[in-house]
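Worksheet for the structure shown next.
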Amino acid sequence: MTTNVKNPIASSALLLICLVLVANCLSIIQAQTCNPSGKIRGQKPPPGQCNQENDSDCCKQGKLYTTYKCSPRVTSHTKAVLTLNSFEKGGDGGAPSECDNKYHSDNTPVVALSTGWFNNMERCLQNITIYGNGKSVKAMVVDECDSTAGCDSDHDYQPPCSNNIVDASKAVWKALGVPKSDWGQLDVYWSQS
């Protein structure tokens with residue numbers, strides 16, 4: 001006849017290991033997600049105050065826009081949406097670039113990153129490599145695509161950026177070989193160069 005004798009120390013150790021593994025998995029999952037941080041209500045732009053040069057959206061009166069303080073986790077192959085922006089004076093980018101307080105030619109490969117990826121200017125003036133349309137291009141980070149605010153004069157009355165945006169100059173789109181008729185939005189990947 002056999003008897004089952006439970007070892008309370010072994011059981012406690014096994015339970016502790018399970019709890020540590022579950023906590024670790026939850027922290028990894030949380031690090032990979034980015035939940036909305038709030039909403040802002042759109043204001044109708046004053047006449048002539050929202051530059052739609054590159055088919056940019058203008059805020060709509062009363063519409064709620066989602067804001068984010070974070071972006072998806074950066075990896076060696078980070079998924080993003082490429083959008084079109086002019087960093088030139090008078091372009092739809094608005095003010096000079098945040099990183100160097102300068103305007104940049106549409107013929108220079110530069111980008112703005114969503115707030116979380118911009119990371120409090122930590123990626124300023126660093127190069128990233130963007131992969132899309134079967135090609136790649138290096139571009140310098142010069143600005144933030146603000147995911148926390150918008151619909152005001154500081155943001156040219158445009159809505160907040162989504163949390164997964166690489167907002168790129170025309171030079172980036174050209175280097176990726178995207179036909180001009182398809183410029184606007186493109187699913188891409190990017191990595192730190």
[X] side chain to [Y] backbone, donor-acceptor under 3.5 Å:
X: Thr108; Y: Val110; answer: no
X: Thr115; Y: Ser147; answer: yes
X: Thr67; Y: Ser37; answer: no
X: Glu88; Y: Asp106; answer: yes
X: Asp146; Y: Thr148; answer: yes
X: Tyr68; Y: Pro160; answer: no
X: Ser169; Y: Ser86; answer: no
X: Arg41; Y: Gly62; answer: yes

> Can you list the steps and then say if Asp57 with Gln158 is a side chain to side chain contact (heavy atoms under 4.5 Å, CB included)?
Replying inline: CA-CA 6 Å; Asp57 290 332; Gln158 295 175 13; over 6 Å; no
Could you tell me the separation between the [atom1] atom of [X] and the [atom2] atom of [Y], rounded to the nearest 0.5 Å?
X: Asp143; Y: Phe87; atom1: CG; atom2: CZ; value: 6.0 Å
X: Trp173; Y: Asn85; atom1: CH2; atom2: CG; value: 11.5 Å
X: His104; Y: Ser97; atom1: NE2; atom2: OG; value: 4.0 Å
X: Asn107; Y: Lys170; atom1: CG; atom2: NZ; value: 8.5 Å
X: Leu82; Y: Asn133; atom1: CG; atom2: CG; value: 10.5 Å
X: Tyr157; Y: Cys59; atom1: OH; atom2: SG; value: 9.5 Å

Going by distance alone, is a donor N or O of one side chain under 3.5 Å from an acceptor N or O of the other, for [X] and [Y]?
X: Ser136; Y: Thr129; result: no
X: Gln126; Y: Gln192; result: yes
X: Lys39; Y: Thr66; result: yes

Considering only distance and modelled atom types, tabulate donor-acceptor pairs under 3.5 Å from the side chains of residues 174-183, sequence neighbours left out.
| residue | atom | partner | partner atom | Å |
| --- | --- | --- | --- | --- |
| Trp183 | NE1 | Val178 | O | 2.8 |

> What's the verdict on side chain to side chain contact (heavy atoms under 4.5 Å, CB included) for Trp117 and Cys145, showing C-alpha distance, side-chain angles and the deciding distance?
Replying inline: CA-CA 9 Å; Trp117 290 336; Cys145 193; over 6 Å; no
Do the side chains of [X] and [Y] join up, straight or via other hydrophobic residues, at under 4.5 Å, putting them in one cluster?
X: Val172; Y: Leu186; answer: yes
X: Trp190; Y: Val137; answer: yes
X: Phe118; Y: Val188; answer: yes
X: Leu84; Y: Met140; answer: no

>> Taking ring-ring contact (aromatic ring centres under 6.0 Å, His included) as the definition, give me every residue that meets it alongside Tyr103, ordered by chain and number, with sequence neighbours left out.
In response: none
>> Below 30° counts as parallel, above 60° as perpendicular, anything between as tilted: where do the rings of His77 and Tyr131 land?
In response: tilted
